[in-house]
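Worth saying up front: this structure is predicted, and the values here are computed from it rather than measured.
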Amino acid sequence: MSSTPPQPTDRQARFDALILPHLDRLLAFAIRRTDVVADAEDAVQEACVRAWRSLDELRDTSRARAWLYRILRSVLGESDERAARRRQLVSITRLETAHEELVGGESEALFDEIAARLSGEEVRAALAQLPEDFAVAVELHDIDGFKYHEIAEIVGVPIGTLMSRISRGRRLLGGAVLANRSAAARAAGGTPRTSKGGSR
């Protein structure tokens, strides 16, 4: 007489407990990285498949969320279309120049304004203009709330490098927001608004 082994049921229960609570955040992250909901859903689905296959490798369950993000980043990073899109984005120099010209030394005040509106379309558009490494660092820290050591594990860089990316990424984000505002104001025949409440 044979019986059904209990392991598949146990494995499914472990998967459900560790993976499912994070799906909404994973999807939101993937959407920000791809800008296409269907592509984001496909990426998350593939990440879940890979997570299922390598579930036994997850020894420390407290690190499940970071582990999942690392898998999802790997899936997203394999997209040639994504790499091509990033190569066509605004240069770092232009973004930093825009930031310095428009806000001078008020970078912290500007980022406070941006941080309060991270889910807005304006900031989402600006994030899409940042090079991948900087955009991901800012998103994982300021949107998804990961700690430095968790992000360092996800992206595979030393904490010092990561902190530098977050700092520079925030400046780039500020520059992109302001450059976009300035371009929109010129197109509308007006003057761009800065964090000082004035114009150039």
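- For the ring-ring contact (aromatic ring centres under 6.0 Å, His included) condition, the pairs that include at least one residue of residues 147-168, sequence neighbours left out, are His141-Tyr148.
- Using a 4.5 Å heavy-atom cutoff, the side chains of Ile166 and Leu140 are not in contact.
- Nearest heavy-atom pair across Leu26 and Leu72 is O-CD2, 3.5 Å.
- With sequence neighbours excluded, the residues satisfying salt bridge (charged side-chain N to carboxylate O under 4.0 Å, His left out) with Asp133 are Arg165.
- The hydrophobic clustering, which links ILVMFWY residues whose side-chain heavy atoms are closer than 4.5 Å, places Leu23 and Ile71 together.
- Closest approach of Ala126 and Val177 over heavy atoms only: CB-CG2, 3.6 Å.
- When all heavy atoms of Leu68 and Ala51 are compared, the closest pair comes out as CD2-CB, 3.9 Å.
- At least one side-chain heavy atom of Arg73 sits less than 4.5 Å from a side-chain heavy atom of Glu132.
- For Tyr69, the ring-ring contact (aromatic ring centres under 6.0 Å, His included) partners two or more places apart in sequence, or in a different chain, are Phe29, Phe146.
- With a 6.0 Å cutoff to the six-membered ring centre and a 45° limit on the axis angle, Arg11 counts as a cation-pi contact of Trp52.
- Of the possible polar contacts, one joining the Thr34 side chain to the Ala30 backbone as a donor-acceptor pair under 3.5 Å is found.
- Put simply, the side chain of Arg59 gets close to the backbone of Asp56: a donor and an acceptor are under 3.5 Å apart.
- Applying the side-chain contact (heavy atoms from CB on, under 4.5 Å) rule to Ser167 yields the partners Arg171; only residues at least two apart in sequence or on another chain are considered.
- Looking at every heavy atom in both residues, Pro131 comes nearest to Leu172 through CD-CD1, 4.4 Å.
- Partners of Glu41 according to the salt bridge (charged side-chain N to carboxylate O under 4.0 Å, His left out) rule, which considers only residues two or more places apart in sequence or in another chain, do not exist here.
- Remark: Thr61 engages no residue in a side chain to side chain donor-acceptor pair (under 3.5 Å) (not counting sequence neighbours).
- Under the 4.5 Å side-chain heavy-atom criterion for Ile, Leu, Val, Met, Phe, Trp and Tyr, Val37 and Leu76 are members of the same hydrophobic cluster.
- No side-chain heavy atom of Arg65 sits less than 4.5 Å from a side-chain heavy atom of Pro21.
- Cluster membership for Leu58 and Leu20, using ILVMFWY side-chain heavy atoms within less than 4.5 angstrom, is shared.
- Pairs of residues two or more places apart, or lying in two chains, that qualify as salt bridge (charged side-chain N to carboxylate O under 4.0 Å, His left out) and include a residue from residues 147-160 are Arg63-Glu153, Arg70-Glu153.
- Scanning for side-chain contact (heavy atoms from CB on, under 4.5 Å) contacts around Ala152 gives Ile159, Leu162, with sequence neighbours left out.
- Applying the salt bridge (charged side-chain N to carboxylate O under 4.0 Å, His left out) test to pairs two or more places apart or on separate chains, those with a residue in residues 14-30 are Arg25-Asp144.
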One pair to check against side chain to side chain contact (heavy atoms under 4.5 Å, CB included): Arg32 and Leu27. What are the steps and the verdict?
CA-CA 9 Å; Arg32 292 194 301 269; Leu27 181 59; over 6 Å; no
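- Summarising the geometry of Ile19 relative to Cys48, their closest heavy-atom pair is CG2-SG, 4.3 Å, with the distance given to 0.1 Å.
- Between the side chain of Thr161 and the backbone N or O of Val157, no donor-acceptor pair lies under 3.5 Å.
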